[in-house]
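Below: one structure, written as structure tokens.
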Number of protein chains: 2
Amino acid sequence: MKSVEELTARFRAHGLRVTPQRQAVFRLLAGNDTHPTVEAIHAGVRAEMPTVSLRTVYQTVHDLARLGEVHVLDVGTGQVRVDPNVEEAHHHLVCTRCGRMDDVAVEAPAPPATPGFRAERVEVIVRGTCAACEAAAGGPHRAPGGATVRRTEHETAHETAHETQEATCRS
Amino acid sequence: MKSVEELTARFRAHGLRVTPQRQAVFRLLAGNDTHPTVEAIHAGVRAEMPTVSLRTVYQTVHDLARLGEVHVLDVGTGQVRVDPNVEEAHHHLVCTRCGRMDDVAVEAPAPPATPGFRAERVEVIVRGTCAACEAAAGGPHRAPGGATVRRTEHETAHETAHETQEATCRS
DNA sequence: TTGTTCCTGACAACTATTGCTGATAAAGTG
DNA sequence: CACTTTATCAGCAATAGTTGTCAGGAACAA
């Protein structure tokens with residue numbers, strides 16, 4: 001991700017105004033190799049600027065995405081996440097319990113030749129359980145038969161993300 | 001996907017009741033190699049049984065997913081899609097404009113060895129444009145500068161999916 | 001400074017999905 | 001078949017995440 005100054009310049013160059021609120025978002029993303037949710041960015045920005053609205057953060061994130069400075073990712077965890085790393089090709093680990101994302105270096109297969117479909121991008125998502133959730137759940141040898149087999153992964157991720165994510169899965 | 005009779009038996013074996021509503025859902029999915037949204041299933045079921053509620057379809061789909069008879073996929077198009085094909089390993093083409101999904105045979109890379117993350121499943125998503133949307137948008141040589149550069153793919157898919165999907169992208 | 005354009009922030013609206021509940025109907029039993 | 005038990009249905013309300021709306025205000029050009 002580019003520096004705050006570079007982003008400021010790019011915004012100006014594209015006719016977008018640079019406001020203190022936007023710079024606060026820039027600052028938060030510039031020194032960030034995680035994949036924060038919009039909510040998390042909002043919380044971070046409010047720490048130094050308590051009046052910023054969620055709407056503004058969404059808009060700024062979308063502007064950054066439009067300029068290609070970030071990627072907006074939706075991998076089915078119920079919340080959009082922002083990936084500041086657009087320079088190097090990479091893919092993602094997604095924790096099915098808390099929704100946490102991390103970068104991973106796997107080479108994607110070549111887009112297949114599919115008549116009737118113009119492939120543009122290949123995305124690899126490795127789903128699994130992050131260390132924090134593994135520990136929180138009592139380790140890999142947890143007795144089956146409980147909630148784990150009664151819900152789909154999708155449901156579980158959705159439901160637990162809200163409460164457990166920040167508490168258990170921050171690195 | 002199993003036949004309606006097999007699904008009926010499996011539901012009974014698991015203590016789930018088999019109702020006409022559920023069998024209508026079974027019937028719709030059994031002869032279906034597309035990846036319908038819950039909404040689309042609901043519409044199909046209502047064609048022969050107009051009182052069935054969306055709630056019931058959701059519940060039946062979740063029951064099917066719990067028994068492993070379908071996969072519930074959320075690839076960030078704003079709607080969950082049901083994949084009746086659980087027998088053969090496969091991945092998906094996703095149209096970024098209408099959200100339409102199709103199966104594709106690409107071999108996934110091996111899950112990387114990642115300390116602090118227990119990989120369970122590797123998912124490959126090929127994003128692009130389906131033939132119908134390509135045609136609807138005026139072909140691949142459409143002049144840039146319009147809506148296409150003013151919005152992220154994510155936004156576009158979200159917004160256009162509701163109206164254009166069934167109209168332009170049914171095979 | 002002045003005008004214009006764009007942005008902000010509060011709130012409401014919107015979409016997809018799920019919780020709740022009285023009434024209903026499927027399985028099992030006699 | 002009649003009866004009992006208990007999961008399910010349908011409809012509505014609620015929820016979370018995201019976006020539209022709009023009055024007021026800030027940033028930039030002249």
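Computation of the quantities below employed the complete heavy-atom set of this structure, encompassing side-chain atoms and omitting hydrogens, waters and symmetry-equivalent molecules. Below, chains carry the letters A, B, ... as their sequence lines are ordered, and counting in each starts from 1.
- V86(A) and L73(A) fall into different hydrophobic clusters, defined by Ile, Leu, Val, Met, Phe, Trp and Tyr side-chain heavy atoms under 4.5 Å apart, directly or through other members.
- As rounded to whole Å, 15 Å separates atom C1' of dT19(D) from atom NE2 of H42(A).
- One interatomic measurement links the two molecules: OH of Y58(A) to C1' of dT15(C), which rounds to 13 Å at whole-angstrom precision.
- Here dG20(D) presents its C1' atom at 14 Å from CG of L54(A), a figure rounded to the nearest Å.
- Rounded to an integer number of Å, the gap from CD of Q59(B) to P of dT17(C) is 15 Å.
- For the segment residues 10-19 of chain B, residues with any heavy atom less than 4.0 angstrom from an atom of DNA chain C are, sorted by number, R12(B), R17(B), V18(B).
- The pair D63(B)-R22(B) counts as a salt bridge, with a side-chain nitrogen and a carboxylate oxygen less than 4.0 angstrom apart.
- E39(B) has its CD atom 8 Å from the P atom of dT17(C), to the nearest Å.
- Every ring pair (Phe, Tyr, Trp, His ring centres under 6.0 Å) that H90(B) has, sequence neighbours left out, goes to H92(B).
- No hydrogens or angles considered: nothing links the side chains of N85(A) and H35(A) as a donor-acceptor pair under 3.5 Å.
- Here the C1' atom of nucleotide dT15(D) and the CD atom of Q79(A) are 13 Å apart, to the nearest Å.
- Salt-bridge check for D102(B) with R100(B): passed, with a basic side-chain N closer than 4.0 Å to an acidic carboxylate O.
- Residue V38(B) is the one, among V38(B) and T8(B), whose nearest nucleotide of DNA chain C lies closer to the 5' end (criterion: closest heavy atom).
- Under the salt bridge (charged side-chain N to carboxylate O under 4.0 Å, His left out) criterion, R17(A) pairs with no residue, sequence neighbours left out.
- Across every non-hydrogen atom of R127(A) and D74(B), the tightest pair is NH2-O, 4.2 Å.
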Do T60(B) and Q21(B) pass the side chain to side chain donor-acceptor pair (under 3.5 Å) test, and can you show the C-alpha distance, the side-chain angles, and the key distance before you say yes or no? CA-CA 9 Å; T60(B) 305; Q21(B) 291 90 340; over 6 Å; no
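- The distance between atom CZ of R22(A) and atom C1' of dA27(D), rounded to the nearest whole Å, is 12 Å.
- Screening residues 34-48 of chain B for salt bridge (charged side-chain N to carboxylate O under 4.0 Å, His left out), with sequence neighbours left out, gives R27(B)-E48(B).
- Annotation: the terminal axes of the helix from dT1(C)-dA30(D) to dG30(C)-dC1(D) meet at 30°, where each axis is the rotation carrying the C1' atoms of four end pairs onto the next four (5 pairs per end, rounded to 10°).
- The minimum heavy-atom distance linking N32(B) with P84(B) is given by the pair O-CG, 3.5 Å.
- Phosphate proximity of dT18(D) to H62(A): absent, as no side-chain N or O sits under 4.0 Å from OP1 or OP2.
- Protein atom CG of D74(A) is 17 Å distant from nucleotide atom P of dT15(C), rounded to whole Å.
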Chi angles and distances behind the side chain to side chain donor-acceptor pair (under 3.5 Å) call for E6(A), S3(A): CA-CA 5 Å; E6(A) 287 172 305; S3(A) 70; 3.3 Å; yes
Polar-atom pairs under 3.5 Å, protein N or O versus N or O of nucleotides 9-11 of chain C: list them with distances, or write none.
from, atom 1, to, atom 2, distance (Å)
dG9(C), OP1, Q21(A), NE2, 2.7
dG9(C), OP2, T56(A), OG1, 3.0

